[in-house]
Each structure stands twice: as C-alpha cells, then as structure tokens.
There are 2 protein chains.
Amino acid sequence: MARTAEHLIEQAQKDNMAYELVQSLTTEIGPRLAGTSAEARARNWAINKLELLGFENVHVESFEVPVWLRGRERARIVSPFPQPLRITALGGSTSTGEHGVEGEVVGFPSLDSLIEADPARVEGKIVFVDEVMARKRDGSGYGVAVQKRLRTAYVAQQLGAIAALIRSVGTSSHRFPHTGQMRPLSDSAGKRGVPMAALSAPDADQLSRVLSYGGPVVVHLLVTSEVRAPAQSGNVIAEIRGRDSPEEIVLAGAHLDSWDLGTGAVDDGAGVGIVIAASRLLLEHLPEAPRRTIRLVLFGSEEVGFVGARDYSERYSAELPQHIVAAESDFGAGDIWRFDTRFPAEQLPYATEIARILSPLDIVRGNNTAYGGPDLRYMRESGVPVITLLQDGTDYFDLHHTPDDTLDKIGPDDLHQNVAAWAAFLYLAAETEVYFRDAEAASVTGTP
Amino acid sequence: MARTAEHLIEQAQKDNMAYELVQSLTTEIGPRLAGTSAEARARNWAINKLELLGFENVHVESFEVPVWLRGRERARIVSPFPQPLRITALGGSTSTGEHGVEGEVVGFPSLDSLIEADPARVEGKIVFVDEVMARKRDGSGYGVAVQKRLRTAYVAQQLGAIAALIRSVGTSSHRFPHTGQMRPLSDSAGKRGVPMAALSAPDADQLSRVLSYGGPVVVHLLVTSEVRAPAQSGNVIAEIRGRDSPEEIVLAGAHLDSWDLGTGAVDDGAGVGIVIAASRLLLEHLPEAPRRTIRLVLFGSEEVGFVGARDYSERYSAELPQHIVAAESDFGAGDIWRFDTRFPAEQLPYATEIARILSPLDIVRGNNTAYGGPDLRYMRESGVPVITLLQDGTDYFDLHHTPDDTLDKIGPDDLHQNVAAWAAFLYLAAETEVYFRDAEAASVTGTP
C-alpha cells in the first residue's frame, strides 16, 4: 500500500489538473454566490467535469437557501475631513434604504468593549469596531476575528446604534474590504441587526486616525441589500465506488459556492481542484478501485452558513456511521505542512503510518483534535472521524472574501503538493482495513 | 559647504516631519482632485503649514481648470461567461449614458496593433488593448505604457468603436484598476474619444482568457462622467529668501493634487512632505539663509495635464532665466539611488561635487539628461537646468493612481533618506556661486 501511495505522490508532481480545474471554474463561472444562477451554473460545470473524468454516481442533491443580494454600498466621512471610505456590506446585512444613514461614529477597540458599552454612548450612533486580526500560519486568528463579523450588528442593535462598521476580518493591507456572513437569521433570535459594513484595513486606519483628533466624526453610510425568496442550491456528489465495501465512505469535500466579490479562486476553487484532481489520480493510476468508496462532495452554500453541510448530514444521517473518515480542502492554495487527525486512540498508529508516507512532502504529524473543515462540522459532531491536511494559511486571509480572490494568485504548479498528499491520503484511507472509528461510533463526541 | 551639507544629512535622519506632513495631508484632506473643493482645502492646508513652519512669501497663485468628475462605473461580461469586471474610468472619458453600451469585444495586444487595425474589425465594437507595462526601477516602463492611456479612446473613435477598455497602466497584481488622464481636450483635435475604462490586471487576464475560448465575447460597460465649468485651482508658493541673490531661484517642486481614488500618499503626498521637510531643515539648522532663494512650488492640477506647471512657467516667463536649477519630487517614497542632472558641460564638475556629498546616502551619479519631473517640463523646455534625485520606483506603479495609494504604504522612517538628499542638494545649489546655466541661457534646448 505504501508503494502505491508513493507512486501516486510521484504522479501528482506532473499533474496540472487541479490548476486547470480552478482556471476553468473561475473563468467560466466566476463568482458563484449561494442560491444564484451562477451557483447553478457551477453545479452544471462540476457535473460535466466529473462525468467526463469518469466518476460514478455523479449527481446533484438539491436544497433551498434564502438569497441575500448585495446592492449599492458607499460610505464617506462627512466631517471633520470629508472623504470617501471603501466598504463592503457583510452578507445578511439589512439595508439602510436608498438615502443611507448618517451619524456620529463611536469607536471600540474590540467586540468585547462594544458588548460592555453603556447604551447611552452608542444610541443613535454608528459603532465602529476596530479589532485587528492576527496573521497566523494555521489561520487561528480567524476564529477570534470572525466573532466580530458574526455578532456586531446584533450587539449594536441591542445598544440602540443605527449602523455598524467593522475593520475587515482579514489580513490584507490593501484597500479591499472583506465580506463574509453575519450570524444567520436562524441563530439571531429573529433580529436582523443594524446595517453593517466592513472597512478595508487602510480605511479602518484612516477612520481610527480621524477619530484620534478627538472631535465628533460624522459618517454617511449607504448599504442596500435585498433578501429574495429561498432559491435552489445543492451539493454535487461523485464517487469512486469501493470494490469490497462500497457502503464504507471516505469523504473528500470542498465547496463550490463563493462570495460575490472575487472569482473564488482560493476560496474555494483551489479545494475543488485539489480534491477532484487527487481522486482522478486514483481513477487513472490504480489498477482497480480501492476497497472503500471515495465520495467527493462539492458543497453548495457554504459561505452563507454551511447550508449544504447541514443538508448532507441530515440526508445521510442513517449512513453517517458508515462514514469512515472525512476531510475537506478549504484553505487556499498554500502547501500542506501538517497532518491532523481526530481518531479514537486505538487508531492512532495508522495515523502515524499515513504521516510517515506524507513526510517526504514536508508534512509533519500534527494533533488529534482536527477541525476537518467548515462543511464537516455536523459530521464531526455526530462522530465521523475527520482529518485535516493543514495548508500554510499565512497569506490566505489577504485574499479571503475580497475582490482579489482571483486565479492569478495561484501558480500553475502551486497545487501539486496538495494533490499528492490528498491522493495518498484518500488511497490509504480507502484501501486499508483499519476502521477509524470507535467500536461504538455513537460514543465519540464532537468536542474532545 | 560640504560640512554644512553633511550636517543637514545627519539631522535628516532623526526628522519625521516629512512623514507627519504626508499623514496630515492624506488624513485631513484625503483625495484632492484638480479643481475640486478638496484641492482648495489642500491649498489652505499647505498655506497654514508653510506659514507655521516659518517660510516667507507664502501664497497661492490661482488659475482655472476644467473639472472632470467620475460618476458610476460598472462593467460585466454578458456572454459567454456572465460575470462582473472591475474597472475605473480614465480621466476625461466621455460618458456612456445611464444605460451603458453593450458590444462585442475585439482584443489587441498593443496600441500599435489597434492603430493598424482594419476599421471593419472594430466598427461598432468595444476595443480592448491588453498591453502589459514593464516593471523597472527607474519607472521607464511608464513612458511606453502611458501612450495606451493617452491615445486609445481617440484611435478607437476614429476606427468606429463604441467604447474602449485597456489593461491598466500600472504594475499592480491586485484587483485595482489604475486611473489617469487621457489626452487633454486641447491636444485631441476637439475629439473627446469613446468612453474608456481601465481593467485591473486580474480582470484584463480574465477578459483575455475568455477571449481565448474563441467565440464572441459581449461586454456591457457603464461609465458616467461629468465635465463642469472651469473651476479654481492653484499653485502654492513658499520661499526661503536668498541672503545675497534673492532674485536667483532654486526651485523645489511637488504636486498637491491627487487622483480621486486613493488619498494621494505616494502620488504625491510623499513629494510634498519631502520638499517641505527638506527646506524646513535649512530654516531650522542654518545660521542664515543661503545665498539664493529656495522656492517651494506645490503645483496644482498636475494629474489632469500639468496645468499648474503651465501657469507657473507662463506667469514667470520673464524670471525663468533667473531660475538657476529646478527639481521635483514626484515618484513615491522609495529611496533615492541616482543623481541625474541636465547641466551645461562646463558646470558638470559641480555636479560631481554634489554627487560626492550625496554618495554616503547610497546615491550614485547618473546621467546628464535628467527629466526633472512632470511639472518641470515647460521650464526644462525653456532652458532651466533641472536635476533628478531619482527614487527607486520598482513598486511605485503598484500603487500609482489606484485606491491603494494610502498612507499605510509609507513607513514613518521611509522618507529620511529622501529628506537628507534634498536638504543637502537644496543647500548646495542655493549656497554655491556656481551658475548652472550656459552663459547664454536661451541657447539651451529642451531636447538634448
């Protein structure tokens, strides 16, 4: 088995399919927001590619999502120093109406300081939360920073503010505001929050500097948005059916939808390219299918609240105990540097064996508290073992959710190492007789 | 004299005034397009700072400029792959009207290939000139690339096109289209050209890729713009009056206006900061004024066609023979690496002496065909000797004329070396008895 995995790794070094797929998806579809016709075209694109490449059981599993659409967005400092600010609305933001809102800005260094604010300071004003996200190789700055995006609009509403601005959740030093979803309607106790927009880092610096002069700062904010009736979205499924135990699933995921500002190259065209190309290597280079089924899931509507992930885990709730292991590629185009698992203790020796085979790719063995990926959340919580082939995410949040997430940020050879690691992992997981679950799968909790 | 110059160089290393000025200008004024109220506020800003710093003869010299204002700008590929494109209108572009124009795109690799095109290929279409600008330390890629910006709209109009798109004149790999002036009305035989916009580099890549599929590509382009009646602009003047020969002028220039997209930090807040801070060092550290007058000129309306430069050279045409030497800082915040001159041959030994004094700053002696700076064009053509303290411009065109030209792209200490070189040069030029002109100044031509 190790030799076959090594052969796949070797083949991956000369395989440009992952890049070609990202190029094709980002060029022919471009942005593909959840629930739009562009996302539907992306599903058709995927179906065509996957059938052409020889996968089995290629189909769409449909579900509905509410559709939020960006309208006009514009902000300016009215006084003391009149000038425009670059913003973008956060997904789910309410509208200011066509005339916008105008108010004095009250700044907070963090979400926590806003939460603790005296409502008298905030009422009738525009809050500005200027928390800076940390740049980390493992992307761990995001988990902290994203709270600001998820919660500010609701906290601000509760305190009587008329609108909210945040420093973008992201690390770009360029003048790109980062979009992203606010807390979904279902989680926010029916409140829709105040209109909320993100400032690019240079604009957050500027607003902060203007506030530091000490006088009142008045901003005009226009954010229009539209919520449409729920529309069709879906997950795209494709398989390499297992030769011995087809009912046992090794799941490889990525997500097909993207934010509307860029063309979704690193988020998550790269993941789509990597998992398809890696599985395709197995189809092409193995004499027969592996023992277990490899199931590709290209999730829909990830960006707007993991809607495809929820649909999948509900649809397959009865079969989840046969999901042997799941992984997702959704962290850009950087090299993989760490292999994390979330296995029962007795299965860790095989994790060590996989890590040994991956080590020539400069991948180190990581921890046993793998996150797996955003679309694996519900599976993980219901006890499906997950792994993470953790990519170097140092620069990922420079592009994430910005207009700058475009194909040119990925080089043609950048994905080889990812494809190699994924091909080896998928083969090893699908071929082995090792069972990555506890004897009693249901006893594995989601929060170790 | 050399020791005094060296003392000024030393003082400059601990002087943060240049940065503080850029910070103040870009924060308190922000973008300052020629002829707008923002440019007027910038003049007031400059007057206040220059008076406060102790300069003499501080005043505005007003003139009028036609005002072109950006309106809405939006483009999308209609077919075969519907998606938005990021554009910005070029300064002076005509309007498509509120409904925009739609047409098939015909691509050209260069302006020259468009010029030679058969009108039958172009008529009724949108032309796309995809010429790539070269990245060079001395910025020499700009001279070539800018022709595309200046001329495409008129060439396209002559060939019967309905609109024009160009790959941005600039080197940014980010999704920022670069604006900039088309050929001014006065130079274009009364023709106003077709509506014209620049695509960011990633968008030009994308459009080019879509064209490479071979089928017809239809784009919808909306560019609205407005031309207002001529409005007031002006140059801001300040002096250190010469103690012996006040009628002899050593001119230090920069320009106060900026494009509307960024806050004009590198173009040309940096230059404004550098020349003021360098002159201020002389005021502060010399026991008495230098022999000759140092005249600061902060030009207005540079970006829209060197209107302030023209006003200055017309206003002072009689005094230009007393302009001993002129220099401008308008190339960002990079370190100076070369000292170019445009002196008569007999004055070159003193150029060598200045170069020797600048050499500890890692500045090498350059050529004797100095350009001087955009606002020195008319002076140079009428025989005023110019010099260039040439900055490293490798990255300058990543920011130039984009929204990303903001303060954060300059570090607080980045301007020290510039200020040092400028202070030393201004002092040496103003103190020396060397006369940088030919005996018969009028005989020096503008094109050696």
Side-chain angles (χ1 to χ4, degrees), chain A residues 23-33 36-38 41-42 45 70 72 74 76-77 79-86 172-177 200-213 215 217 258 260-265 398-399 402-410, chain B residues 23-33 36-38 41-42 45 70 72 74 76-77 79-86 172-177 200-213 215 217 258 260-265 398-399 402-410:
Chain A
Q23 174 169 311
S24 171
L25 176 62
T26 57
T27 304
E28 295 165 30
I29 312 300
R32 41 200 184 277
L33 188 64
T36 63
S37 59
R41 287 198 303 276
W45 173 90
R70 188 182 307 284
R72 295 171 64 204
R74 193 169 274 214
R76 65 175 200 275
I77 298 175
S79 65
F81 307 135
Q83 58 190 289
L85 295 170
R86 294 239 153 186
S172 173
S173 63
H174 297 290
R175 213 156 168 212
F176 295 118
S200 81
D203 289 271
D205 290 348
Q206 183 81 326
L207 182 54
S208 180
R209 215 160 23 235
V210 174
L211 285 165
S212 75
Y213 280 73
V217 177
S258 81
D260 52 346
L261 300 178
T263 62
D398 290 350
L399 303 172
T402 74
D404 211 23
D405 180 3
T406 49
L407 179 65
D408 51 292
K409 308 310 181 302
I410 306 176
Chain B
Q23 173 169 313
S24 172
L25 176 61
T26 58
T27 304
E28 295 165 31
I29 312 299
R32 41 200 184 276
L33 188 65
T36 63
S37 59
R41 288 199 303 275
W45 173 92
R70 187 182 307 283
R72 295 172 64 204
R74 192 170 274 215
R76 65 175 200 275
I77 298 176
S79 65
F81 307 136
Q83 58 190 286
L85 295 170
R86 294 238 152 187
S172 173
S173 62
H174 296 290
R175 215 156 165 211
F176 295 118
S200 81
D203 289 271
D205 290 348
Q206 183 81 326
L207 182 54
S208 180
R209 215 159 24 235
V210 175
L211 285 166
S212 74
Y213 281 72
V217 176
S258 81
D260 52 347
L261 301 177
T263 63
D398 291 351
L399 303 172
T402 75
D404 211 24
D405 180 4
T406 49
L407 179 65
D408 51 292
K409 308 308 182 301
I410 306 176

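By convention in this document, chain letters (A, B, ...) are assigned in the order of the sequence lines, proteins followed by strands, and residues within each chain are numbered from 1.
- Only the side chain of P84(B) comes within contact range of chain A, with heavy atoms under 4.5 Å apart.
- Aromatic ring orientation, F176(B) versus F176(A): parallel (interplanar angle below 30°, classes split at 30° and 60°).
- When the shell of 6.0 Å around CZ of R74(B) is examined, it contains 12 or fewer heavy atoms from other residues, nucleotides or ligands.
- Of the possible polar contacts, one joining the Q83(A) side chain to the T27(B) backbone as a donor-acceptor pair under 3.5 Å is found.
- The salt bridge (Lys or Arg N to Asp or Glu O under 4.0 Å) test applied to R86(A) returns no partner, not counting sequence neighbours.
- Between the OH atom of Y213(B) and the OG atom of S24(A) there is a distance of 5.0 Å, given to the nearest 0.5 Å.
- For a residue to count as touching a neighbouring chain, one of its non-hydrogen atoms must lie under 4.5 Å from one of that chain's; by this rule L261(B) touches chain A with backbone and side chain alike.
- Neither the backbone nor the side chain of R32(B) comes within less than 4.5 Å of any heavy atom of chain A.
- For the residue pair D408(B) and S173(A), the shortest heavy atom distance occurs at OD2-O, 3.3 Å.
- Both the backbone and the side chain of D404(A) come within contact range of chain B, with heavy atoms under 4.5 Å apart.
- The backbone N or O of V210(B) sits nowhere less than 3.5 Å from a side-chain atom of E28(A) that would complete a donor-acceptor pair.
- The contact between T406(B) and chain A is made entirely by side chain atoms (from C-beta outward), counting heavy-atom distances below 4.5 Å.
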Could you walk me through whether L407(B) and Q206(A) satisfy the side chain to side chain contact (heavy atoms under 4.5 Å, CB included) test, starting with their C-alpha distance in whole Å, then the side-chain angles of each, then the deciding distance to 0.1 Å, before giving a yes or no? CA-CA 9 Å; L407(B) 179 65; Q206(A) 183 81 326; 5.5 Å; no
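- Every residue meeting the side-chain contact (heavy atoms from CB on, under 4.5 Å) condition with D260(A), not counting sequence neighbours, appears here in chain and number order: L33(A), R70(A), T179(A).
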Side chain to side chain contact (heavy atoms under 4.5 Å, CB included) assessment of K409(B) paired with H174(A): CA-CA 9 Å; K409(B) 308 308 182 301; H174(A) 297 290; 4.2 Å; yes
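- Of the listed residues A38(A), S200(A), P82(A), the one with more heavy-atom pairs under 4.5 angstrom with chain B than any other is P82(A).
- Heavy-atom distances place the backbone of T26(B), and not its side chain, under 4.5 Å from chain A.
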